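To start, the structure under review is shown below, and the notes come after it.
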Amino acid sequence: MNGFLVRKVHADPDGKKTPRGKRGWKTFYAILKGLILYLQKDEYRPNKQLSDEDLKNAVSIHHSLAMRAADYSKRPNVFYLRTADWRVFLFQALNAEQMQSWITRINTV
Ligand code: I3P
């Protein structure tokens with residue numbers, strides 16, 4: 001599955017609150033391949049090499065949990081992703097249907 005997602009980093013490994021200055025929303029082209037959610041700055045091109053930054057932004061979704069961010073009302077179609085190492089991201093999808101698809105795909109791999 002792939003498509004645009006806007007990301008906010010809420011907590012760093014071990015659940016430590018991400019410091020101010022690093023909590024802004026950023027748009028990525030997201031690609032879920034196996035157990036990795038790749039977050040690329042540019043839209044996917046089949047033969048494009050992943051940059052160092054793309055690799056740094058990739059998230060392992062092994063033993064992670066995605067759920068609708070019912071308590072976050074500043075933006076619509078936002079879900080949480082909590083990873084196995086207790087990082088927490090907020091992701092805003094383009095619409096409710098895509099949000100639900102991301103949640104289902106992440107939770108069922
Ligand atoms: C953050 C940025 C986020 C905001 C966050 C700020 O600043 O303005 O949009 O989250 O608030 O810290 P920076 O880009 O300097 O990291 P919201 O959009 O959810 O308000 P927060 O620290 O209360 O999460």
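Just so it is clear, the structure is predicted and the values come from calculations on it, not from any experiment. Numbering starts at 1 and runs along the sequence shown. Start at 1 and go down the list; that is how both ligands and their atoms are numbered.
Taking hydrophobic clusters as Ile, Leu, Val, Met, Phe, Trp and Tyr residues chained together by side-chain heavy-atom distances below 4.5 Å, Leu5 does not share a cluster with Tyr80.
Under a 4.0 angstrom heavy-atom cut-off, Lys8 registers as being in contact with ligand 1.
The aromatic rings of Tyr72 and Trp25 sit tilted, their planes meeting at an angle between 30° and 60°.
With a 4.0 Å heavy-atom cut-off, ligand 1 is reached by no atom of His10.
Atoms of ligand 1 lying under 4.0 Å from any heavy atom of Tyr72, numbered from 1 in the order shown and given with element: 17 (P), 18 (O), 19 (O). Applying the 4.0 Å criterion to heavy atoms of Lys74 picks out, from ligand 1, the atoms 17 (P), 19 (O), 20 (O).
For the pair Lys33 and Tyr38, the cation-pi criterion (under 6.0 Å, within 45° of the ring axis) is fulfilled.
Side-chain atoms of Arg87 do not come within 3.5 Å of backbone N or O of Gly15 as any donor-acceptor pair.
Protein heavy atom nearest atom 13 (P) of ligand 1, with residue, atom name and distance: Gly21 N, 3.5 Å. For atom 23 (O) of ligand 1, the closest non-hydrogen atom on the protein side is Arg20 NH2, 4.2 Å.
Other residues, nucleotides and ligands place more than 12 heavy atoms under 6.0 Å from the CE atom of Met1.
For atom 5 (C) of ligand 1, the nearest non-hydrogen atom from the set Gln92, Lys17, Lys22, Arg23 belongs to Arg23.
Between Phe79 and Leu90, the closest side-chain pair of non-hydrogen atoms is not below 4.5 Å. When side chains are defined from C-beta on, Asp14 does not count as touching Asp85, because their heavy atoms never get closer than 4.5 Å.
Considering backbone and side-chain atoms together, Pro19 places no N or O closer than 3.5 Å to any N or O of ligand 1. Considering backbone and side-chain N/O of Trp25, one or more are found under 3.5 Å from N/O of ligand 1.
By the definition of a contact as any protein heavy atom under 4.0 Å away, atom 8 (O) of ligand 1 is not in contact.
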